[in-house]
Amino acid sequence: MEAVDTAISDADSGDDAGTVEASGDPTLGQVLLAVEELWPESLAEDWDEVGLVVGRPNTPVTKILFAVDPTLAVIDEAIEWGAGLLITHHPLLLKGVNSVAATSAKGLAVHRLIEAGTGLLTVHTNGDSAVGGVSDVLADAFGLENVAPLTPAANGLPEEGIGRVGDLPELMTLGDFAARVFGMLPAVAGGVRVAGDKDGLLRRVAVCGGAGDSLFDAVRASHADVYVTADMRHHPASEAREGAVNGRPYLIDVSHFASEWLWLPVAAEALGNVLTDQGYDVEIRVSSTNSDPWDFILTPGGD
């Protein structure tokens, strides 16, 4: 797979355009406090597993790598760079395990991290829900205004929760908006799938980074003209199309990895700013590993 662009912003300076730098060395525990300030664990969904997976809180951390997935390739990248902490959006151990023997991929991941002295931290649905989280970043990238959560957080601020809904500054056709979505996301094999009238007009947009086809009731209640999310399954998508009113909501199905990758540079910059304000000297960068699981796609062609 091709690597993705890891630049955090056009304003970055220095030889390493993907690095945010601050000033003193924090411990892992101090980094965890900064992470909690940005993405509180209380915002995580009940079924989720977030927080520290591997690492000693008193270990100094000078380099932090952000990634979507804790794959072996990403872990190797973190170790080779000398990262003291790997922060991933997706959990390594979401379901219970009774062994971390290195005979399995997950066990090998744990062994590699521990043997290298690299910590692993999961920021998952707390990173989705928080202000400046995954769906907020998507909404901003797509140019939405008057943004609000699709489903407000049970333990958060009014502006926190899963998914976002907002309005475009002006009407767009579905085809033009789908092209905007495609152009904003990292290039992956799956591309972008669209359901609806290519020339249909839309303004109100609902988004959810990652798999969001369980939120169709909230999407309908929001009166969105189009819904952008990932991993849409056949039956929920089919039922949404069958129940559409005047063809809406239209559907745009994107790569799970791509929809969440956009958050990484923003998250890296946010954590870098907090640590810098606290006087710590930490290098933070975004993984260049494309962990989307698909390598190529065959299509029948056409426009």
Side-chain angles (χ1 to χ4, degrees), residues 1 3-4 6 31-32 35-36 38-55 64-79 83 85-97 100 104-114 118-130 132-138 162-163 185-186 188-190 207-215 228-233 253-268 270-271 284-295:
M1 300 180 190
V4 293
T6 63
V31 174
L32 294 180
V35 168
E36 178 68 15
L38 292 167
W39 310 293
E41 290 193 15
S42 61
L43 289 176
E45 298 294 293
D46 292 341
W47 52 265
D48 201 9
E49 296 293 341
V50 302
L52 190 63
V53 180
V54 170
I64 300 172
L65 185 72
F66 272 81
V68 174
D69 299 291
T71 61
L72 292 172
V74 168
I75 289 170
D76 284 345
E77 179 187 359
I79 293 171
L85 177 62
L86 171 61
I87 300 178
T88 63
H89 186 56
H90 291 149
L92 176 66
L93 304 174
L94 181 58
K95 298 179 180 179
V97 298
V100 289
S104 70
K106 290 185 183 293
L108 182 57
V110 171
H111 278 258
R112 285 185 183 174
L113 289 163
I114 292 175
T118 300
L120 175 62
L121 176 67
T122 301
V123 179
H124 193 206
T125 51
N126 48 329
D128 289 322
S129 184
V134 173
S135 293
D136 260 343
V137 171
L138 284 174
I162 300 299
L185 297 177
V188 295
V207 302
C208 180
D213 66 14
S214 64
L215 300 180
V228 184
T229 191
D231 292 347
M232 285 200 206
R233 294 165 295 170
D253 185 32
V254 301
S255 156
H256 192 128
F257 164 82
S259 72
E260 295 174 330
W261 187 90
L262 283 184
W263 172 72
L264 300 181
V266 176
L271 182 58
I284 305 178
R285 67 167 58 165
V286 172
S287 169
S288 62
T289 301
N290 182 346
S291 58
D292 187 274
W294 305 107
D295 293 308

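All values reported here derive from a predicted model rather than from experimental measurement.
When side chains are defined from C-beta on, L271 counts as touching I87, because their heavy atoms get closer than 4.5 Å. Contact of the R285 side chain with the L65 side chain is registered, since non-hydrogen atoms from C-beta on lie closer than 4.5 Å. Within the 4.5 Å cutoff, side-chain heavy atoms of F66 are placed close to those of I284. With contacts defined as side-chain heavy-atom distances shorter than 4.5 Å, the pair I162/E45 qualifies. Residues V286 and W261 form a side-chain contact, since some pair of their non-hydrogen atoms from C-beta on lies under 4.5 Å apart. Residues H90 and H256 have side chains in contact (heavy-atom distance under 4.5 Å, counting atoms from C-beta outward). Contact annotation: the side chain of T118 never approaches that of R112 to less than 4.5 Å [non-hydrogen atoms, C-beta and beyond]. Within the 4.5 Å cutoff, side-chain heavy atoms of L72 are placed close to those of L108.
Summarising the geometry, atom NE2 belonging to H111 is positioned 8.0 Å from atom OG belonging to S104; distances are rounded to the nearest 0.5 Å. Separating the CG atom in L262 from the CG atom in D136 is a distance of 12.5 Å, to the nearest 0.5 Å.
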Inset, instruction - Starting from the C-alpha separation in whole Å, work towards a yes-or-no answer on side chain to side chain contact (heavy atoms under 4.5 Å, CB included) for V123 and V35. - result: CA-CA 9 Å; V123 179; V35 168; 4.0 Å; yes
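Judged by distance alone, with hydrogens and angles left aside, the side-chain atoms of T229 form a donor-acceptor pair with the main-chain N or O of G212 at under 3.5 Å. Between the side chain of E49 and the main chain of L93, no donor-acceptor pair closer than 3.5 Å is present. A donor-acceptor pair is defined here as one N or O able to donate and one able to accept, closer than 3.5 Å; no such pair exists between the side chain of T88 and the backbone of A67.
The two residues A130 and W39 have their closest heavy-atom pair at CB-CD1, 3.8 Å. Between E41 and E36, the closest heavy-atom pair is N-OE1, 3.1 Å. Closest of all the heavy-atom pairs between S259 and L185 is CA-CD2, 4.3 Å. Across L121 and G51, no two heavy atoms sit closer than the pair CD1-C, 3.2 Å. The minimum heavy-atom distance linking D231 with D253 is given by the pair N-OD1, 3.1 Å. Smallest separation of non-hydrogen atoms from W263 and G133: CD1-C, 3.5 Å.
With sequence neighbours left out, the side-chain contact (heavy atoms from CB on, under 4.5 Å) criterion links P91 to D48, L94, T122, H124. In this structure, D69 has no salt bridge (Lys or Arg N to Asp or Glu O under 4.0 Å) partners at least two apart in sequence or on a different chain.
None of N290, D295, T289 except one satisfies the side-chain contact (heavy atoms from CB on, under 4.5 Å) rule with D292; the exception is N290.
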